[in-house]
2 protein chains.
Amino acid sequence: MATVSIKEVALRARVSVGTVSNVLNGRSTVAAATRRRVLDAIAELGYIRNDSARQLRAGRSRTVAMVALDLSNPFFTDVMHGAEIAAEHGGVNVMIFNSGEDPVRERRHLDMLSQQRVLGVLITPVNEAHDANLDQLVEHGIPVVLVDRGSSNFHRCSVAVDDVLGGHLAGEHLRQQGHHRIAFAGGPFSLRQVADRHAGLTAALGDGPQPRLVTTSNLSVAAGRGAGREITDLPVDERPTAVFCANDLIALGVLQEMTTRGVRVPHDVAIVGYDDIEFAAAAAVPLSSVRQPREQLGRAATQLLLEEVNEPATHQHRHVVFRPELVVRESSSPSTPAKRSRRE
Amino acid sequence: MATVSIKEVALRARVSVGTVSNVLNGRSTVAAATRRRVLDAIAELGYIRNDSARQLRAGRSRTVAMVALDLSNPFFTDVMHGAEIAAEHGGVNVMIFNSGEDPVRERRHLDMLSQQRVLGVLITPVNEAHDANLDQLVEHGIPVVLVDRGSSNFHRCSVAVDDVLGGHLAGEHLRQQGHHRIAFAGGPFSLRQVADRHAGLTAALGDGPQPRLVTTSNLSVAAGRGAGREITDLPVDERPTAVFCANDLIALGVLQEMTTRGVRVPHDVAIVGYDDIEFAAAAAVPLSSVRQPREQLGRAATQLLLEEVNEPATHQHRHVVFRPELVVRESSSPSTPAKRSRRE
DNA sequence: GGGGGTAGTTGACACGTTTCATTTCGGGCG
DNA sequence: CGCCCGAAATGAAACGTGTCAACTACCCCC
């Protein structure tokens, strides 16, 4: 109960505190018999190292933090998994924080992390532009890596995925499937992701007919339902035969609305989503989707961070951009393997 | 860059370190002019408190930790939200950790947390029974609250939801809808949750025909697809007209398989899930589901923890059990509002 | 037998706080 | 004029660890 310190271990093992410390850190030479005595004493007393004291002495912690934008979003939990794996590999711990898109909360977390003298921070900031908070961290010697945020900033590394390319892949696929009337569902366009994905789509369609815009106020399933309604309400000869959605939530909403209204997917309307969250494949009609290498994103970010931590002198900031990948499923491809195998 | 301490602040403000500390903590009486000088010095030097030192002095941290079983599962992110809100309210920070159902990782996190002298721990342990790790924490004066785990243990509080009642609600509902041939899909039964939900279902069916068991090896969408296949493969006159699934992932898998095979939901087969995750309502056919008060679970757990932290003397361990709630949607109810409004 | 080397151990100091008993100072009161 | 009091500020101690120069004891070798 009463907290036992290294001193009492030393007393019990009849050695000096220095020796106990040496045993704990495997540092200098300690005789086998002494080591044994110390270890026994530790076990008997139930001694637990005091991390505050170690940290105070060392000047820095042995932990990195990840501040996620919204942990309810599977995207970030996957990034987190990647980060955890890389951190484990690098011998450091990861603490997870959730800003929940709240700048105040984010600020509070960051303040706390500076005070903790954390090794480094992975973060998807609430405000893409305004990053005075982050500069402050960097000034105090805490490396920061941006996740899923392009950075024009040379003071830090970043990892992101090429959203224009993602939109392009979706567009190409739909064109190849013979679609001409294509809609883009998503918004607001102030989100870089949305704008980029849309830009990729229009680029892929080249000089053909441009996509119809169905703008939503956010990227939720509810917003997707609204978009789906808007689309199905169109006269059939104007109605798009394919919808590319800015993310999978929108896509699920569109799918739900279509199903409710008896519009068949993919027969009447094809759907392609974005993110390839777990529930995309799990939808009643499995969703085609543009997959981001989420785990890899987390791994890469952590590796960059650790590199900067371990070799601050030689480290060069880098901006890594990953390529997304289109996963075709039934929602945009009438003859998908699943269906075929069923025919026999 | 060079880390600035309270000493340099004192120097600059021409006061003693004690005075700076007093200003920082609003402790004893400090003359307005002096306070001003100190605050200015802090701002000019960009001083940041060293939390390790504070903690070392104070003997304990100002943070609680939540160790989640699987953050990819929306259930836990919702619990987390509740915990964050309650913690914010109580003036402490929450650090999130993810064991990912890996006992080794869990153990590592717990060890780290003891070393950090964390205020307390909310945890859904990997192994429901074997909790030596947790006892160790408690022995060292770190309160532990179990989340979503019943506890026969009197050394700690717990919060959980009544799964038997949940199963009962589902069963009652399906019986009222006129179903007689009902299946239960889920597994393994070694999970208390699964066993309890099944027990509730059978109890609700009373002396009527007992549910057909479709056992799965885990609670994933893929497992649900398997269950769906097994059910649709039955001859029509034996086939259940309703399926109660041990969780929503199973339910989504069943729904997907039914859709693929042309079995109409709810017309041919009704489905009720469990958990009411966000994607249950977002499914092509919105899923009926038993909802757990997830946020409330997190809030209650945190409140119990803080109570124990703040009044260790008078604190009595409690085991709070919440009541789940059935949310009826289209998948088990042919005439749901959404459909009706469409008719006009 | 003495010098020197080495493996093993020690003890004091520093890290940045908070705390608290003590000191300083100015002014009011007898 | 001397005394005392309270407000304000001080300085040293303590928290638990890691580090490192210094010390001890022992053995080897010439």
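Quick note on labels: first sequence line is chain A, next is B, and so on, each numbered from 1.
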Looking at the side chain of A/Ser16, which of C/dG11, C/dT17, D/dG18 is the nearest nucleotide? C/dG11
How long is the line joining CZ of B/Arg36 and C1' of D/dA8, in whole Å? 19 Å
Comparing nearest nucleotides in DNA chain D, the 5'-proximal residue of the pair A/Asn50, B/Val30 is B/Val30
I want to check something: taking the side chain as every heavy atom from C-beta on, are B/Phe76 and A/Leu71 in contact at a cut-off of under 4.5 Å? no
Does the side chain of B/Thr19 get closer than 4.0 angstrom to OP1 or OP2 of D/dT10 through an N or O atom? yes
Ranking D/dT10, D/dA9, D/dT17 by distance to the side chain of A/Ile6, first place goes to D/dT17
CG of A/Leu24 versus P of D/dG16: gap in Å, rounded? 15 Å
Hey, does A/Ser21 reach any base, or is it just sugar-phosphate, or nothing, if we go heavy atoms under 4.0 Å? base
Protein-nucleotide distance (A/Asn22, atom CG; C/dT9, atom C1'), rounded to Å: 9 Å
What is the distance, rounded to the nearest whole Å, between atom NZ of A/Lys7 and atom P of D/dG18? 14 Å
A/Thr29 vs A/Val17, nearer the 5' end of DNA chain C by closest nucleotide: A/Thr29
At less than 4.0 Å, is any side-chain N or O atom of A/Arg57 found next to OP1 or OP2 of D/dG16? Yes or no. no
In whole Å, what is the span from the CD atom of B/Gln115 to the C1' atom of D/dC15? 17 Å
What is the separation between atom CG on A/Asn25 and atom P on C/dT9, rounded to the nearest whole Å? 16 Å
Test A/Arg294 against every option in A/Asp148, A/Asp78, A/Asp275 by the salt bridge (charged side-chain N to carboxylate O under 4.0 Å, His left out) rule and name the one that passes. A/Asp78
Grab the CD-P distance between A/Glu8 and D/dC15 for me, whole Å please. 10 Å
Presence of B/Arg35 side-chain N/O under 4.0 Å of D/dA8 phosphate oxygens OP1/OP2: no
Picking from D/dA9, C/dG8, D/dT17, the nucleotide nearest the side-chain atoms of A/Tyr47 would be D/dT17
Any side-chain heavy-atom pair from A/Thr302 and A/Glu307 closer than 4.5 angstrom? no
Send over the distance from B/Arg37 CZ to D/dT10 P, rounded to a whole Å. 8 Å
Just so I know, are the side chains of A/Gln115 and B/Asn50 near enough to count as touching, which here means a heavy-atom distance under 4.5 Å? no
Straight-line distance of B/Thr29 OG1 to B/Arg35 CZ, nearest 0.5 Å: 9.5 Å
Give one of base, sugar-phosphate or nothing for B/Thr34, where a contact means two heavy atoms less than 4.0 Å apart. sugar-phosphate
Give one of base, sugar-phosphate or nothing for B/Asp51, where a contact means two heavy atoms less than 4.0 Å apart. nothing
